Number of protein chains: 2
Amino acid sequence: MARLTNDRNSCPVSILMNLLSGPWTMYIIWTLSTSGPMRFGALHRQVEGISTKMLTERLRMLEQEGIVHRHYEPTVPPQVTYSLTERAGELVAILDQLNGLAQRWYGDLPGCGASQPQPDALEKATVLL
Amino acid sequence: MARLTNDRNSCPVSILMNLLSGPWTMYIIWTLSTSGPMRFGALHRQVEGISTKMLTERLRMLEQEGIVHRHYEPTVPPQVTYSLTERAGELVAILDQLNGLAQRWYGDLPGCGASQPQPDALEKATVLL
DNA sequence: CGGGATCCGCTGAGATACTG
DNA sequence: CAGTATCTCAGCGGATCCCG
């Protein structure tokens, strides 16, 4: 549980990389950044293929790092909405550069449902925080 | 062997991320970018802890993606020198931004032998290509 | 609905030994 | 020196069950 990023990964970049390199992490961030805030179930459906365990795990991780915000509504049934924080904006910006680089290198392939993030979606995504 | 980045990772960013997220990849790139071109053995000593298998594997991967350049000198004993390509420059630039972001978020920690890349080292690193 | 707990299989990473 | 080949083990991630 405390396995953060010791051994060879003690520099800041690696912390971030270890975060992002998680199996579904990018997809979650990307989905939230393009489709806006989303409930757990919706996210689970959107990312499609991820197990609830993984989704929860990644979400907790991202929440802990201040990248996503978890809004818990104690209704019945309970509603939990996840949104990106402002921090995430900076991150997504860099990710976008990475995306640009990748597209120049590999050409843009299809299959990625969120290749070009709509600015308004990102705004929507950060509104809730 | 052909396990590139299919399933959920068909978009360019993910290709790059899958590349970088490899266990030692960042360290290798970082080391080459800060310490310049290096022989296999030196790299093996610098990265320290990596197995020859992993090192070879990552190096091959990076070479295949055009990020590192492999210079083979068929002397005896053979000398193989690895250096970053020009492509890598773009990548390192973004990585540097990521590093900046990470430092702002987490503060700069020690333990990363290559936190601040010397420009001359990067130049040196790309000279060979 | 949103998740925690548990089990379990599979692959990926390390260690070791060997080769040109 | 610069790798390759093989074995092995564990830790990650999926599936399933259950709770608030």
Side-chain angles (χ1 to χ4, degrees), chain A residues 1-9 14 17-28 31-32 35 37-64 68-83 128, chain B residues 1-9 14 17-28 31-32 35 37-64 68-83 128:
Chain A
M1 182 185 287
R3 296 244 7 182
L4 278 182
T5 52
N6 16 22
D7 28 310
R8 76 257 191 179
N9 293 320
S14 293
M17 285 305 297
N18 281 5
L19 257 179
L20 300 178
S21 63
W24 298 92
T25 318
M26 291 267 306
Y27 259 67
I28 296 172
T31 301
L32 284 176
S35 305
M38 210 172 293
R39 307 252 308 265
F40 184 89
L43 213 43
H44 190 208
R45 253 171 280 116
Q46 280 263 334
V47 176
E48 185 172 20
I50 194 173
S51 60
T52 67
K53 179 186 175 184
M54 259 292 107
L55 185 52
T56 310
E57 199 174 304
R58 297 284 112 173
L59 246 20
R60 290 268 182 279
M61 207 171 190
L62 290 173
E63 186 194 1
Q64 183 181 342
V68 307
H69 178 244
R70 178 188 141 109
H71 179 70
Y72 180 77
E73 200 75 39
T75 61
V76 38
Q79 295 193 4
V80 180
T81 308
Y82 290 94
S83 56
L128 280 198
Chain B
M1 181 184 284
R3 294 240 12 172
L4 278 182
T5 52
N6 14 25
D7 28 311
R8 76 255 191 180
N9 293 321
S14 292
M17 285 306 298
N18 281 4
L19 256 179
L20 300 178
S21 63
W24 298 91
T25 319
M26 291 269 305
Y27 260 67
I28 296 172
T31 301
L32 283 177
S35 304
M38 212 172 294
R39 307 251 308 265
F40 185 90
L43 212 43
H44 190 208
R45 253 170 280 115
Q46 280 261 334
V47 176
E48 185 173 20
I50 194 174
S51 60
T52 68
K53 177 186 174 183
M54 258 291 108
L55 185 52
T56 310
E57 200 174 304
R58 298 285 110 170
L59 246 19
R60 290 266 184 279
M61 205 173 189
L62 290 172
E63 186 194 1
Q64 184 181 341
V68 306
H69 178 243
R70 177 190 143 110
H71 179 71
Y72 180 76
E73 199 74 38
T75 61
V76 40
Q79 295 192 5
V80 179
T81 308
Y82 290 94
S83 57
L128 279 197

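Given the structure is predicted, the values throughout are model-derived calculations rather than measurements. Naming convention: chains lettered A, B, ... in sequence-line order (proteins, then strands); numbering from 1 in each chain.
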- Side chains of T81(B) and M38(B): closer than 4.5 Å at any heavy-atom pair?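 No, side chains not in contact.
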[X] side chain near [N] phosphate (N/O to OP1/OP2, under 4.0 Å):
X: R39(A); N: dG2(C); value: yes
X: R70(B); N: dG3(D); value: yes
X: R45(A); N: dC1(C); value: no
X: Y82(B); N: dG3(D); value: yes
X: W24(B); N: dG12(C); value: no

Figure out the [atom1]/[atom2] separation between [X] and [N], and round it to whole Å.
X: Q79(A); N: dG2(C); atom1: CD; atom2: C1'; result: 11 Å
X: L55(B); N: dA2(D); atom1: CG; atom2: C1'; result: 10 Å
X: F40(A); N: dG4(C); atom1: CZ; atom2: P; result: 8 Å
X: M38(B); N: dA2(D); atom1: CE; atom2: C1'; result: 16 Å
X: E73(B); N: dG3(D); atom1: CD; atom2: P; result: 13 Å
X: L59(B); N: dC1(D); atom1: CG; atom2: P; result: 17 Å
X: H71(A); N: dG2(C); atom1: NE2; atom2: C1'; result: 14 Å
X: M61(B); N: dG12(C); atom1: CE; atom2: C1'; result: 12 Å

- Item | Side-chain donor-acceptor pair present, R58(A), T25(A), cut-off under 3.5 Å |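 Per modelled atom types, R58(A) and T25(A) side chains form a pair under 3.5 Å.
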- Side-chain H-bond candidate by donor/acceptor type, E73(B) with H71(B), under 3.5 Å: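 Side chains of E73(B) and H71(B): pair found under 3.5 Å.
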- P78(A) or K53(B): which one's nearest nucleotide on DNA chain D is closer to the 5' end?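 The residue whose closest nucleotide sits nearer the 5' end is K53(B).
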- Most 5' of Y72(B) and T52(A) on DNA chain D, judged by nearest nucleotide: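 Result: Y72(B).
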- Between M54(B) and V80(A), which is nearer to the 5' end of DNA chain C once each is assigned its nearest nucleotide?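 Mapping each residue to its closest nucleotide by heavy atoms, the 5'-most match is V80(A).
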- Select base, sugar-phosphate, or nothing to describe what T56(A) touches, counting heavy atoms under 4.0 Å on all strands.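 Sugar-phosphate only.
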- Keeping the roles fixed (side chain from S14(B), backbone from M17(B)), state whether a donor-acceptor pair exists under 3.5 Å.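 Checked: no pair found.
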- Have a look at R60(A) and tell me which of E63(A), E57(A), Q64(A) forms a side chain to side chain contact (heavy atoms under 4.5 Å, CB included) with it.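 Only match with R60(A) under side chain to side chain contact (heavy atoms under 4.5 Å, CB included): E63(A).
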